[in-house]
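See below for the structure under consideration.
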Amino acid sequence: MNYKKTLNLPSTKFPMKASLVKREPEQLAHWDSGRLYEKLRENSAGNDKFILHDGPPYANGHIHIGTALNKILKDIIVRSRQMVGFDAVYVPGWDCHGLPIEHNVDKELGAAKAGMSQTDVRKKCRSYAEKFIDIQREEFKRLGVMGEWENPYLTMNYKYEAIIARECGQFALKGDLFRSKKPIYWCCSCKTALAEAEIEYKDESTPSIFVKFPLADDVSDVIPELSDQKVYVVIWTTTPWTIPANLAIALHPQYTYTAVDTKNGEVLILARELAENCLEFFGCKDYTFLGDFDAAGLEHKKCRHPLHDRESLLILGDHVTLEAGTGCVHTAPGHGGEDYEVGLKYGLDVYSPVDDRGCFTDEVDFVAGQFVFKANQVIIDELAERNVLAGSESMTHSYPHCWRCKKPVIFRATPQWFISMEKGGLRKKALQEIDRVEWIPHWGRERIYGMIENRPDWCVSRQRAWGVPIAVFYCAECETIHINPQIIDRLYSLFEKHGADVWFDKDTDELLEDNAVCEKCGSDQFVKETDILDVWFDSGVSHAAVLEQRPYLQWPADLYLEGSDQHRGWFHSALLTAVGLRGQAPYKAVLTHGFVVDEKGMKMSKSVGNVIAPEKVIKQYGAEILRLWVSASDYRDDIRISPNILKQLTDAYKKIRNTCKFLLSNLYDFNPLTDAVAYSQMQDIDQYALIRLNELIAKARAAFESYEFHTVYHGLYNYCTLDLSAFYLDILKDRLYTSPPRSDERRSAQTAIHIILDAVVRLMAPIFVFTAEEIWRYMPDTNAKIKESVHLMPLPSVNPEWQNSKLANKWAQVLEVRAEVTQALEKARAAKLIGHPLDASVTISAPSALYDQLREYADELRSVFIVSEVRLVQEQALEDAFESDEIEGLKIHIQAAPGAKCERCWIYDSSVGADSDHPTICERCTDALAVIE
RNA sequence: GGGCCUGUAGCUCAGUUCGGUCAGAGCGCACGCCUGAUAAGCGUGAGGCCGAUGGUUCAAUUCCAUCCAGGCCCA
């Protein structure tokens, strides 16, 4: 007789091979046509909302691995919150305006741009953004990310643009928006402002001069030797043309300075460390040091400007270095970034007497009208003439050039728009709000706090085409901003209807109300500002443009989640816009993730060749593996990816998949509605399996709650490998296969297996969105509504009925002993005593306490150890026994199992041969056959 | 150069919160078993001076300092 046919061997059509690359798109299409996202909305209508507000990626290029990480994390969060009972809506967005797009459109247009209107260029930019939104949308959807893809928010939507303009207008109305000068890169040839990204650095030969600024104030309180001396502070510069704009000289607060008598009636002040080299360059051979001193004593003292009849203030700044020059830094706030910053601190004017052609204005007498670079020599000559030129040469160094015309650019102060950090108390309030937000990880608070604390006023203007205009008018006479609620409303309506283009298409008269008059000076002439807003303002107000606008969302958001670079970016601009106009942070919590790096922890770069594109991973392994990677990593730190890591993840995926497949394959004849066994009637070990499941559920739910998905992954994976595959399921095989199909013992096991699979699939659903659904479809029939999608189900909950610490302790002990038995078996195997564990008979000698406990469940030990026989003795000497290192006094002796091997269940038993009808099987199997037949 | 952060086995993670039982797991690897989860399953084993150096302490992977390496943001 073929006894194998009498066994209940596992059977399922669920494929072992995942074929993710092929199946995932099919699954996505199925969800799409089944309107899964809409069904989730319907199902959770009325539930508490959980709003993760999407930070908009820039609509340019394909997604990269970092964007994929970000979106997958968001998806896992939204799904897990949805599955614990929230109405978790997800509205994705895109950041559409800005220089990179304008730049690329410029390149495409080439010479054609010259003949185009600003509106035409803007149209090109709009369609460019649209193209990449479509591309990225498909890429995000392919990752399994679920959301309102057909109705995302775009910062270039007319309504969004209208809100950007309105929010900016509110800042103006409040008095926080002001116009002031700031130096920016300027191309004198193109007569245009340039952004950092439009600068190319090339070597350039420039003059290098040392200039003596005569000290005007008495400093004998600092250095007594200097009384009645002609004292000069010596500066160094490579841009002599900025000397006319000099307003100060900066010294470093920590450096030591020295006064040098040059024996020609002059005393020079410069940094001690650089003094000798400088003096040598000046050709000064005979000199004496009069004394060293700290810079602090000179702060607020004054020099005379060497060319003009005004003062130059001595100030302190950390930006001063000893790498070159004299340690005394020529400071022209209108012509340098650091000069500007330090100038603000000392209340210096942002003085820049240069026009948009790069020529000096009439303010500067002897070089008026001259081009700055040409004026260099004139100024050097003048300095020499006045005997304040200490030294001069020419040098070559890296200098910024215009990306378009390739000519050297200058730093030039132009009027810009700012949002004040102080006028309306924005800085103070923002800092207070930071402490009302939950920062995850907690150090995010430190990071953004430091930034807000130290940042200058927010410069929000850009001299660009592709963006939302700073929609304000100012008086042509006195430059006062002309703003009121009616203007804001009026422009809002216009923008909402025609988009921001309307600002450029219509004249000031058409946009402004009739009979407008400057409330300060009474003028009726106004200027329409044509600068556009910093794109950080665009995305910064998304809380207003999205959360406040869509009735199914909420303000503030429950969570913002982006990379840690966004402390400076989006978290920052969102905080300032929200606090500025609403007095409150737009988020309750902010979660940050690290950056994706290679296996060695180095950043990815094309030149190094360690870049991994999400598209490639998807094509090779499937999006599920990418999602698995996200879930397995602790994203709070930087996270690593490499072919090796992906390989490991695919192995882990297979293990989990296979474990689920095995569970399914033993449920082919199980109907949970009719065949399930009540918990109280289940076998001991099945009850224990549910205790372990309870622990997994508790752990995973807590981890989902605190966004620690790697804990979910590791918990799930270890449960599958250790609890299930290596322990419970291995033991269960005998019972599942050999017991009569409908017997209590088999149904008990199936009941446990079904509960376990149901819970495991739901726990993995937020992460393994595809595989969970695939398994779900193969689950034994229940009702159609439940079957529809695992994603419509809740996460499993801890079942209090299964809690049983006595049982848990018992099995903890059995497991300890089991570990010793497997070691003993391995030794016996190595000695060729046995092969399969069922070849063995195990004799265990235990000390009395342990013996008493083991005796209580002696009947179960045989199956738990998966051997043919277990004999339990109390503290007996056993020859050739394995002695446990872990459990004192435990001895285990292995010998070949007596009796014959049952052909059906493979267990050695003395009853084999007893039944003449079935001479090759054991009594247990004979009994089973009787029931089956 | 400054701010914030990270550094535990080849890999992914635990742990050390208030310092004191040999630093744990899985994967991978090696070896073996099984062939009734089979392009599967089971077992055993070898892998870590807890980034480096100093300091505090009776005692540090765990506290402090410095350094090195790496990341983000500034300059």
Side-chain angles (χ1 to χ4, degrees), chain A residues 3-5 7-12 14 16-17 66 318-323 337-338 341 441-451 453-455 563-569 572 592-604 628-629 631-634 636-652 654-655 657-666 708 710-711 713-715 717-722 724-727 729-734 736-738 818-819 821-830 832 834-839 866 904-906:
Chain A
Y3 292 109
K4 185 169 175 178
K5 287 189 172 165
L7 294 171
N8 318 301
L9 293 179
S11 165
T12 177
F14 182 84
M16 177 182 282
K17 195 165 185 301
D318 291 328
H319 64 289
V320 176
T321 74
L322 296 175
E323 275 163 30
E338 288 175 329
E341 296 292 338
H442 60 87
W443 49 258
R445 185 252 173 214
E446 261 47 69
R447 201 153 184 220
I448 195 165
Y449 196 95
M451 289 173 181
E453 202 172 23
N454 294 314
R455 68 155 300 145
S564 58
D565 55 334
Q566 298 303 326
H567 286 112
R568 160 85 36 198
H572 195 112
T592 51
H593 60 251
F595 276 66
V596 182
V597 293
D598 71 11
E599 187 161 317
K600 294 193 188 79
M602 309 290 263
K603 76 160 121 194
M604 295 191 166
L628 185 56
W629 164 69
S631 78
S633 314
D634 184 350
R636 291 166 295 196
D637 194 5
D638 290 337
I639 74 174
R640 301 175 180 219
I641 193 167
S642 70
N644 178 36
I645 290 170
L646 288 168
K647 167 73 170 55
Q648 180 186 335
L649 290 165
T650 55
D651 287 349
K654 284 180 194 164
K655 180 73 187 184
R657 182 181 177 88
N658 237 301
T659 304
C660 292
K661 175 179 181 257
F662 183 69
L663 293 171
L664 276 176
S665 68
N666 282 292
E708 289 168 3
H710 64 287
T711 305
Y713 163 78
H714 281 279
Y717 184 68
N718 280 334
Y719 182 76
C720 283
T721 53
L722 299 176
L724 294 182
S725 193
F727 173 67
L729 298 180
D730 207 25
I731 291 166
L732 227 46
K733 285 172 194 168
D734 176 62
L736 284 166
Y737 300 170
T738 66
R818 186 179 190 263
V821 171
T822 56
Q823 278 193 45
L825 287 170
E826 183 63 25
K827 285 219 158 68
R829 189 176 295 125
K832 304 289 181 196
I834 59 163
H836 193 279
L838 283 176
D839 298 343
I866 318 181
R904 183 167 179 273
C905 71
W906 294 349

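The sequence lines fix the lettering, A, B, ..., with proteins before strands; numbering per chain opens at 1.
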Next on the checklist: Please give the distance between the P atoms of B:rG32 and B:rG70 as a whole number of Å.
Outcome noted: 43 Å
Next on the checklist: With syn defined as a glycosidic angle within 90° of 0 and anti as the rest, where does B:rG41 land?
Outcome noted: anti
Item to check | Selected nucleotide, minimal atom distance to A:Phe662 side chain, candidates B:rA14, B:rA37, B:rC42 | outcome: B:rA37
Checklist entry - Relative to each other, are the rings of A:His710 and A:His714 parallel, tilted or perpendicular (30° and 60° limits)? => result perpendicular
Checklist entry - Within the structure shown, what part of the strands sits under 4.0 Å from A:His714 by heavy-atom distance: base, sugar-phosphate, or nothing? => result base
Next on the checklist: Please report the distance separating the C1' of B:rA40 from the corresponding atom of B:rU35, rounded so that it comes out in whole Å.
Outcome noted: 10 Å
Checklist entry - Which letters describe nucleotides 69-75 of chain B, given B = protein heavy atom under 4.0 Å from base, S = only from sugar-phosphate, - = neither? => result -SSBSSS
Checklist entry - Rounded to the nearest Å, what distance is computed from the CG atom of residue A:Leu628 to the C1' atom of nucleotide B:rC13? => result 13 Å
Next on the checklist: Between B:rA37 and A:Lys733, counting only base atoms on the nucleotide and side-chain atoms on the residue, is there a donor-acceptor pair under 3.5 Å?
Outcome noted: yes
Checklist entry - B:rA14 C1' sits how many Å from A:Arg636 CZ, rounded? => result 12 Å
Checklist outcome for this item: Between CG of A:Leu724 and P of B:rG26 the distance, given in whole Å, is 15 Å
Checklist outcome for this item: Heavy atoms of A:Asp734 and A:Cys905 approach each other most closely as OD1-CB, 4.2 Å
Checklist entry - Hey, does A:Phe595 have a side-chain heavy atom less than 4.5 Å from the side chain of A:Ser564? => result yes
Checklist entry - What's the shortest heavy-atom distance between A:Glu599 and A:Ile645, and which atoms? => result OE1-CG1, 3.9 Å
Checklist entry - Base, sugar-phosphate, or nothing: which does A:Asn658 touch, judged by heavy atoms less than 4.0 Å apart? => result base
Checklist entry - P atom, B:rU12 versus B:rG2: distance in rounded Å? => result 30 Å
Checklist entry - Which whole-number value in Å describes the distance from A:Leu663 CG to B:rA40 P? => result 18 Å
Next on the checklist: Between B:rA9 and B:rC49, how far apart are the two P atoms, rounded to whole Å?
Outcome noted: 8 Å
Checklist entry - B:rC13, B:rG26, B:rC42: which one has an atom nearest the side-chain heavy atoms of A:Ser633? => result B:rC13
Item to check | Selected nucleotide, minimal atom distance to A:Glu599 side chain, candidates B:rU12, B:rC11, B:rU38 | outcome: B:rC11
Checklist outcome for this item: So the stems of RNA chain B, runs of at least three Watson-Crick or G-U pairs (under 3.5 Å), are B:1-7 with B:68-74, B:10-13 with B:24-27, B:29-33 with B:41-45, B:51-55 with B:63-67
Next on the checklist: For A:Ile866 versus A:Pro837, what's the shortest heavy-atom pair and its separation?
Outcome noted: O-CB, 3.2 Å
Checklist entry - Do A:Asp565 and A:Arg568 meet the salt-bridge criterion of a basic N to acidic O distance under 4.0 Å? => result no
Checklist entry - Rounded to the nearest Å, what distance is computed from the CZ atom of residue A:Phe727 to the P atom of nucleotide B:rA37? => result 18 Å
Item to check | Sugar-phosphate only, base, or nothing, as touched by A:Thr592 at under 4.0 Å among non-hydrogen atoms | outcome: nothing
Next on the checklist: With a 4.0 Å cut-off on N to O distance, would you call A:Asp651 and A:Lys655 a salt bridge?
Outcome noted: no
Next on the checklist: Are the side chains of A:Met451 and A:His567 in contact, using a 4.5 Å heavy-atom criterion?
Outcome noted: yes
Item to check | Minimum-distance nucleotide (side-chain atoms of A:Gln648 versus B:rC11, B:rU44, B:rG43) | outcome: B:rC11
Checklist entry - Whole-Å distance between B:rG3 P and A:Tyr449 OH? => result 17 Å
Checklist entry - Base, sugar-phosphate, or nothing for A:Ile866, non-hydrogen atoms under 4.0 angstrom? => result nothing
Checklist entry - Touch check for A:Ile645, heavy atoms < 4.0 angstrom, all strands: base, sugar-phosphate only, or nothing? => result sugar-phosphate
Checklist entry - Base, sugar-phosphate, or nothing for A:Lys4, non-hydrogen atoms under 4.0 angstrom? => result base
Next on the checklist: If you compare all heavy atoms of A:Asp730 against all heavy atoms of A:Lys733, which two are closest, and at what distance to 0.1 Å?
Outcome noted: OD1-NZ, 3.1 Å
Item to check | Side-chain N,O (A:Lys655) to OP1/OP2 (B:rG41) below 4.0 Å | outcome: yes
Checklist entry - Rounded to whole angstrom units, what separation is found between the CD1 atom of A:Ile731 and the C1' atom of B:rG41? => result 14 Å
Checklist outcome for this item: Of A:Leu649, A:Leu646, A:Asp598, A:Val597, the one forming a side-chain contact (heavy atoms from CB on, under 4.5 Å) with A:Ile641 is A:Leu646
Checklist entry - A:Asp651 has an atom CG; how far is it from atom C1' of B:rC29, in whole Å? => result 12 Å
Next on the checklist: What's A:Arg904 touching, base or sugar-phosphate or nothing? Going by heavy atoms closer than 4.0 Å.
Outcome noted: base
Next on the checklist: On RNA chain B, does the nearest nucleotide to A:Tyr717 precede the nearest nucleotide to A:Gly444 from the 5' side, or the other way round? Give the residue.
Outcome noted: A:Gly444
Next on the checklist: Using a heavy-atom cut-off of 4.0 Å across all strands, would you classify A:Ala652 as base, sugar-phosphate, or nothing?
Outcome noted: nothing
Next on the checklist: Considering every strand and a 4.0 Å limit on heavy-atom distances, what is the contact class for A:Thr822: base, sugar-phosphate, or nothing?
Outcome noted: sugar-phosphate
Checklist entry - What nucleotide among B:rU44, B:rG43, B:rG36 has an atom nearest to a side-chain atom of A:Leu9? => result B:rG36
Next on the checklist: So, using side-chain hydrogen bond (donor to acceptor under 3.5 Å, both in side chains) as the criterion, who are the partners of A:Glu708 when residues are at least two apart?
Outcome noted: A:Arg636
Checklist entry - Would you say the side-chain atoms of A:Arg829 and A:His836 include a donor-acceptor pair closer than 3.5 Å? => result no
Checklist entry - Given B:rA37, B:rG43, B:rG10, which nucleotide is nearest the side-chain atoms of A:Asn644? => result B:rG10
Next on the checklist: Say we look at B:rC42 and B:rG26: how far apart would their C1' atoms be, to the nearest angstrom?
Outcome noted: 16 Å
Next on the checklist: Side chain of A:Trp443, heavy atoms from C-beta onward: which of B:rA37, B:rG41, B:rC4 has the nearest atom to it?
Outcome noted: B:rC4
Checklist entry - Which whole number of Å gives the distance between the P atom of B:rC27 and that of B:rC67? => result 42 Å
Next on the checklist: Taking the nucleotide of RNA chain B with the nearest heavy atom to each, does A:Thr711 or A:Ala830 sit closer to the 5' end?
Outcome noted: A:Thr711
Checklist entry - Do A:Asn8 and A:Leu736 have side chains that get closer than 4.5 Å, going by heavy atoms? => result no
